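First the proteins, then the strands, lettered A, B, ... as listed; each starts at 1. A quick note: this is a predicted structure, and the numbers were derived from the prediction, not measured.
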Amino acid sequence: MNAELGQADTGTDPVLEAKDLVKHFPIQRGIVVKRTVGHVQAVDGVDLKLHPGRTLGVVGESGCGKSTLAKLLVGLETPTSGSIKLEGREIGNLSARRMRPFRRDVQLVFQDPYTSLNPRLTVGDIVGEPFEIHPEAVPKRGRAGEVKELLDMVGLSPDHINRYPHQFSGGQRQRIGIARALALRPKVLVCDEPVSALDVSIQGQVINLLQRLQDELGLAYVFIAHDLSVVRHIADEVAVMYLGKVVERGTGPEIYDHPRHPYTQALLSAVPVPDPDLRGHREEIVLQGDVPSPIDPPSGCRFRTRCWKATDRCAEEVPSLAVGDRGTHPTACFYAEERDVTHAVK
Amino acid sequence: MSETVRVIGDTLPGADFNAPLLEVDDLRVEFRVRGQRIPAVRGASFTLEQGRTLAVVGESGSGKSVTSQAIMGILDTPPATITGGAVRLHGVDLLEQSEETRREVRGNHIAIVFQDALSALNPLWSVGFQIGELFRVHRGTSRKDAKLKAVELLDQVGIPDAKNRVGDYPHQFSGGMRQRVMIAMALALDPEVLIADEPTTALDVTVQAQIMRLLKRIQAERNMGLILITHDLGVVADVADEVAVMYAGEVVERAGIRDAFKRPAHPYTKALLRAIPRVDTVGQELEVIRGLPPNPAKLPGGCPFHPRCFAAEDKCATEVPPWIEPAEFHGSRCHFAEEVYTDER
Ligand SMILES: Nc1ncnc2c1ncn2[C@@H]1O[C@H](COP(=O)(O)OP(=O)(O)O)[C@@H](O)[C@H]1O
Ligand SMILES: Nc1ncnc2c1ncn2[C@@H]1O[C@H](COP(=O)(O)OP(=O)(O)O)[C@@H](O)[C@H]1O
Ligand code: SF4
Ligand SMILES: [Mg+2]
Ligand SMILES: [Mg+2]
């Protein structure tokens with residue numbers, strides 16, 4: 001088994017690759033003269049590899065850096081340090097202008113279909129907006145036709161091209177957001193909680209759409225969510241984040257059936273299973289307290305303040321995302337050990 | 001606190017202790033907005049007994065919050081009007097009571113916890129003051145004793161170092177801790193019924209687990225009836241005794257927890273359960289409920305679910321289905337409830 005996330009499969013080269021990606025937001029004080037009094041360590045040394053046609057799931061609780069990671073990958077934020085490669089070419093440190101042609105290839109689908117669409121633009125304008133920024137993509141004459149095709153592709157009626165966002169339901173708006181993200185025929189979609197705001201009955205429709213588009217277009221996805229069962233359903237591989245770092249990564253079965261990091265185990269054990277017969281059978285690890293601040297994260301292992309296995313070593317050394325002795329999947333814990341917390345589910 | 005003797009006759013004349021704790025009977029609520037009538041709740045019925053947990057599930061807009069606000073008596077009227085039904089506490093219809101009685105019932109008998117604790121708490125007052133205020137206003141407790149009570153409650157709901165945090169303001173607490181403060185306020189006057197309206201929807205799973213554990217513990221200690229409104233079927237399976245499923249303003253199915261999950265008798269419930277991603281759906285297409293939730297101002301005729309229903313036949317579009325009980329304590333508003341229940345449909 002390989003240490004690198006995304007290498008478990010195929011001989012293909014990764015379409016997107018990040019190495020030691022860091023984003024620290026300065027905290028500034030002062031009105032006239034600003035001085036930096038600290039940093040929010042939102043993303044702190046993340047590696048990932050994404051292969052064409054595959055889905056990498058990213059899970060973790062709010063504030064752990066998922067959205068910041070998404071923005072770094074699509075170029076909405078500039079990394080503090082680290083590298084992002086698109087099809088082998090370094091793009092993390094390019095200026096905005098030189099980066100533009102590459103940006104076409106990696107697009108973002110936002111979480112909130114209610115606030116991410118401009119209410120004053122028609123659906124046609126919203127979906128065609130990327131052509132204004134990248135006029136070279138489709139000649140002006142062809143754009144209306146292209147927009148209609150995109151709407152059709154995401155299961156919306158091309159006749160609705162002149163309607164406004166408020167005339168659509170949440171699930172339909174998310175389809176509009178997906179159509180816009182597809183306009184420039186990207187290779188990668190970064191989906192930041194794309195179904196979190198939707199009802200269960202509508203979630204499934206959007207997930208099925210994303211899977212169909214992946215099959216048809218060979219897209220690669222970074223799929224961010226806090227709903228662990230949705231990620232299990234859609235992802236080939238999963239990265240678990242805690243306070244800006246990836247603490248464990250592996251295939252679906254590795255993460256869900258053989259979790260090795262205490263945080264992953266706690267997270268999985270907290271998810272209630274929709275089967276009343278399993279009530280009381282689930283092993284529940286209840287974490288004490290709240291997640292510490294990313295401004296001044298704990299030394300050593302960032303999870304140690306809430307970890308039942310922590311020792312002095314955990315406060316002194318930073319555990320690396322290492323492969324286990326017997327080739328088990330990468331886990332950033334000195335005492336990584338498999339524990340089947342969802343055993344009753346199978 | 002568990003030994004408190006309830007002098008219910010005082011605040012609720014006519015209370016009958018052989019009647020169910022809370023009975024919602026064919027409740028109907030309409031909104032009148034710009035000359036339009038929006039029937040938000042069109043027949044909600046369920047019963048809650050002491051010490052039991054009833055989960056109310058359904059997608060957004062199905063009328064769950066409006067139902068709970070009608071029970072609490074905190075609907076804005078206008079635009080809302082209660083157009084029918086009854087909400088009986090120990091047999092007494094609250095909808096018939098004076099505003100003064102209802103005010104007494106709120107907090108003392110029925111209390112509510114909302115999803116969004118931040119907007120439900122006053123940002124300008126310390127949490128201790130807000131909890132203490134309840135004792136001062138309802139019980140005439142002195143300022144000093146009220147503060148002691150507040151500390152005691154904050155401690156009970158698991159706020160660490162409650163003595164020193166009682167003077168803190170809502171924004172100084174994390175989301176999970178704020179929800180604990182909300183729960184403390186709801187418990188202050190020792191209610192018999194607690195309504196929790198999506199209490200963990202805005203929280204992360206590990207925090208959700210803490211809050212659900214707290215609610216269950218407190219319910220058991222006080223033998224309260226709990227109405228848990230949620231759209232998370234995992235939470236329902238984990239804590240509820242009974243389930244009421246709402247669709248388009250109606251309770252379309254009511255059953256004990258096991259029956260609801262294992263032998264649903266309404267196609268909507270069945271479809272909802274099938275739509276959840278599970279271990280065995282990995283790599284498969286998810287089953288979905290086609291179409292969209294209906295617009296309450298323009299409900300389809302017959303069974304409101306028929307345009308999305310896998311089991312529908314012609315009569316579903318024209319005839320309103322009756323309430324059918326394929327088993328004891330298990331009812332469904334579907335023409336084919338029996339067949340859905342036995343899995344023939
Ligand atoms: N522009 C910003 N300036 C300062 N801090 C930020 C900014 N964006 C995000 N953060 C902080 O970075 C951390 C990670 O945030 P985010 O990436 O949004 O997490 P998630 O999406 O996992 O909830 C949080 O503590 C957040 O407050
Ligand atoms: N203030 C209001 N004005 C008009 N209609 C309302 C108002 N509040 C709720 N409604 C209507 O009541 C329906 C049910 O709302 P609600 O009970 O909040 O749904 P749920 O809690 O199940 O998501 C909504 O679809 C909406 O049409
Ligand atoms: S009455 Fe008809 S449409 Fe309604 S749920 Fe039953 S089968 Fe479906
Ligand atoms: Mg986010
Ligand atoms: Mg609601």
Side-chain angles (χ1 to χ4, degrees), chain A residues 59-64 168-172 197-209 211-212 226-236 252-253 256-257 263 266-280 282 284-291 306 342 345-346, chain B residues 57-62 158 160 173-177 200 202-210 212-213 231-241 243 256-262 268 271-293 295 308:
Chain A
V59 299
E61 297 179 280
S62 44
C64 72
F168 294 87
S169 68
Q172 289 173 321
L198 306 175
D199 277 310
V200 180
S201 74
I202 307 301
Q203 263 185 14
Q205 297 177 359
V206 174
I207 291 170
N208 285 350
L209 169 67
Q211 287 193 304
R212 179 170 60 75
H226 62 253
D227 184 328
L228 289 134
S229 49
V230 167
V231 171
R232 171 169 209 160
H233 175 83
I234 199 167
D236 301 299
Y256 287 87
D257 301 334
Y263 176 64
L267 199 60
L268 287 171
S269 86
V271 181
V273 186
D275 183 346
D277 285 351
L278 298 179
R279 188 185 291 185
R282 185 161 49 99
E284 244 187 286
I285 305 167
V286 176
L287 289 179
Q288 301 305 314
D290 290 325
V291 183
R306 305 172 79 199
T342 52
V345 186
K346 279 166 282 172
Chain B
V57 302
E59 51 207 327
S60 33
S62 59
F173 291 83
S174 69
M177 287 297 154
T200 60
L203 305 175
D204 281 314
V205 285
T206 61
V207 185
Q208 167 177 294
Q210 295 169 355
M212 286 317 302
R213 176 171 283 213
H231 59 254
D232 186 333
L233 293 168
V235 171
V236 175
D238 220 20
V239 304
D241 301 305
V243 184
I257 180 72
R258 202 162 180 283
D259 243 19
F261 277 79
K262 303 292 173 179
Y268 174 62
L272 207 53
L273 287 165
R274 284 190 193 150
I276 310 173
R278 283 181 318 267
V279 180
D280 48 338
T281 64
V282 175
Q284 314 270 314
E285 208 176 311
L286 281 174
E287 289 195 43
V288 299
I289 306 181
R290 62 172 180 247
L292 299 171
N295 174 350
R308 308 176 72 191

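- Interface summary for chain A: among B:A260, B:A240, B:G175, the most heavy-atom pairs under 4.5 angstrom belong to B:A240.
- Annotation: side chain of A:V200 is not in contact with side chain of B:E59 (no heavy-atom distance under 4.5 Å).
- Of the candidates A:L267, A:V271, A:V291, B:T206 forms a side chain to side chain contact (heavy atoms under 4.5 Å, CB included) with just one, namely A:L267.
- In this structure, NZ in B:K262 is found 4.0 Å from CG in A:D277, a value given to the nearest 0.5 Å.
- Counting heavy-atom pairs closer than 4.5 Å to chain A, the top residue among B:R213, B:R290, B:R308, B:Q208 is B:R213.
- Comparing A:G252, A:G280, A:P272, A:A266 by how many heavy-atom pairs each has under 4.5 Å with chain B, the most go to A:P272.
- Contact tally against chain A (heavy-atom pairs below 4.5 Å) for B:L203, B:L292, B:D280: the top residue is B:L292.
- For A:Q211, the part lying under 4.5 angstrom from a heavy atom of chain B is the side chain only.
- Between chain A and the options B:V207, B:L272, B:V239, B:L273, heavy-atom pairs under 4.5 Å are most frequent for B:V239.
- Atom CZ of B:R258 sits about 11.5 Å away from atom CZ of A:R279, to the nearest 0.5 Å.
- Contact annotation for B:V205: both backbone and side-chain heavy atoms come within less than 4.5 Å of a heavy atom of chain A.
- The shortest distance between side-chain heavy atoms of B:R278 and A:H233 does not fall below 4.5 Å.
- Atom CG of A:L209 is separated from atom CG of B:L286 by 12.0 Å, given to the nearest 0.5 angstrom.
- Rounded to the nearest 0.5 angstrom, A:C64 SG and B:D204 CG are separated by 8.5 Å.
- At most 12 heavy atoms of other shown residues, nucleotides or ligands fall within 6.0 angstrom of atom CD in B:E285.
- With a threshold of 4.5 angstrom between heavy atoms, B:R274 does not approach chain A through any atom at all.
- Of the residues considered (A:G204, A:P274, A:S229, A:P253), A:P274 shows the highest number of contacts with chain B, using heavy-atom pairs under 4.5 Å.
- Counting heavy-atom pairs under 4.5 Å between each of B:Q284, B:H231, B:E287 and chain A puts B:Q284 at the top.
- Contact of B:M212 with chain A is not made at all, since no heavy-atom distance falls under 4.5 Å.
- Here the CD1 atom belonging to A:I207 is positioned 8.5 Å from the OG1 atom belonging to B:T281, to the nearest 0.5 angstrom.
- Your options are A:D275, A:N208, A:I285, and the one with the most heavy-atom pairs under 4.5 Å with chain B is A:N208.
- A:V230 touches chain B through backbone and side chain together, each having a heavy atom under 4.5 Å away.
- Within the model, atoms CG of A:D199 and OG of B:S62 stand 8.0 Å from one another, a figure rounded to the nearest 0.5 Å.
- The closest donor-acceptor contact from the side chain of B:Q210 to the backbone of A:V286 lies at 3.5 Å or more, if one exists at all.
- Among B:A275, B:S60, B:S174, B:A209, the residue with the largest count of heavy-atom pairs under 4.5 Å with chain A is B:S60.
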